[in-house]
Amino acid sequence: QVHVVESGGGLVQAGGSLRLSCEVSGGTFSRYAMGWFRQGPGAEREFVAAISRSGDIANYADSVKGRFTISRDNAKNTVYLQMNSLNPEDTAVYYCAADPHSSPGYWGQGTQVTVSS
């Protein structure tokens, strides 16, 4: 069983920063590309960022480019999302996915990020 657990969400003022973590267990972490997604109220889940298995390639949604950074530490089976210059539009439940290009992939339960104005 592959388990994905996000942490690090919370309430932050606009302009602030948060660092999300996602730990994967029960599988071989280095085999998985990893992704972050988010879902705001009344919206569909959308792509935020992804990183390749080795960590050498990353891509981002246009809405977060220059503000968010995805990284991974394969020795710790963990992927991170550093979020800077947060704004209220970033308010959402953030989900981590292992092997996101596969169906169904492996998803965590999400962590709430709320940005106040």
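Throughout, numbering of the chain's residues begins at 1 and tracks the sequence. The basis for the numbers below is simple: all heavy atoms, side chains too, and nothing from hydrogens, waters or symmetry mates.
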Common cluster, L20/Y32, ILVMFWY with side-chain heavy-atom separation under 4.5 Å = yes
query = Is there a donor-acceptor pair closer than 3.5 Å between any side-chain N or O of R31 and the backbone N or O of G27?
reply = no
ask   = Do the side chain of E6 and the main chain of G110 share a donor and acceptor less than 3.5 angstrom apart?
value = yes
task = First locate atom CZ of R67, then atom OG of S17, and finally report the distance between them rounded to the nearest 0.5 Å.
result = 10.0 Å
task = State, yes or no, whether a side-chain contact exists between L86 and L18 at a heavy-atom distance under 4.5 Å.
result = yes
query = Looking at D90 and R38, does any basic side-chain N land under 4.0 Å from a carboxylate oxygen?
reply = yes
request  = Taking atom OH of Y106 as the centre, report whether more than 12 heavy atoms of other residues, nucleotides or ligands fall under 6.0 Å from it.
outcome  = no
request  = Would you kindly confirm whether V79 and F37 end up in one hydrophobic cluster when ILVMFWY residues are joined by side chain heavy atoms under 4.5 Å apart?
outcome  = no
key: Common cluster, Y60/M83, ILVMFWY with side-chain heavy-atom separation under 4.5 Å   = yes
request  = Verify whether one side chain among S21 and E23 offers a donor that lies under 3.5 Å from an acceptor in the other.
outcome  = no
query = Yes or no on side chain to side chain contact (heavy atoms under 4.5 Å, CB included) for I70 and W36, after CA distance, side-chain angles and deciding distance?
reply = CA-CA 8 Å; I70 188 170; W36 286 97; 3.6 Å; yes
inquiry  = Walk me through whether S71 and Q82 qualify under side chain to side chain contact (heavy atoms under 4.5 Å, CB included).
reply    = CA-CA 8 Å; S71 61; Q82 178 67 46; over 6 Å; no
inquiry  = To check you understand the geometry: which heavy-atom pair defines the closest contact between S102 and D99, and what is its length?
reply    = OG-OD2, 2.8 Å
For the student: nearest non-hydrogen atoms of S117 and A14, plus distance = CA-CB, 4.4 Å
task = Determine, using the 4.5 Å side-chain heavy-atom cutoff (strictly less than), whether V12 and V48 are members of one ILVMFWY cluster.
result = yes
inquiry  = If you apply the rule side chain to side chain contact (heavy atoms under 4.5 Å, CB included), what do you find for L81 with T69, and how did you get there?
reply    = CA-CA 6 Å; L81 185 68; T69 302; over 6 Å; no
request  = For T78 and K76, work out which heavy atoms get closest and say how close.
outcome  = OG1-O, 2.8 Å
C22 versus V4, closest heavy-atom pair with distance = SG-CG1, 3.3 Å
query = Parallel, tilted or perpendicular: which describes the rings of F68 and Y94, with under 30° parallel and over 60° perpendicular?
reply = tilted
message = Counting C-beta onward and ignoring hydrogens, is there a side-chain heavy-atom pair between W107 and R45 closer than 4.5 Å?
response = yes
Side chain proximity check, M34 to F29, heavy atoms < 4.5 angstrom = yes
message = With side-chain hydrogen bond (donor to acceptor under 3.5 Å, both in side chains) as the criterion, how do T114 and Q112 come out once you've worked through the C-alpha distance, each side chain's angles and the decisive distance to 0.1 Å?
response = CA-CA 6 Å; T114 303; Q112 176 71 47; 3.3 Å; yes
request  = Check step by step if side chain to side chain contact (heavy atoms under 4.5 Å, CB included) holds for R53 and S30.
outcome  = CA-CA 6 Å; R53 292 180 296 168; S30 61; 5.9 Å; no
key: R72 side-chain N/O to S52 backbone N/O, donor-acceptor pair under 3.5 Å   = yes
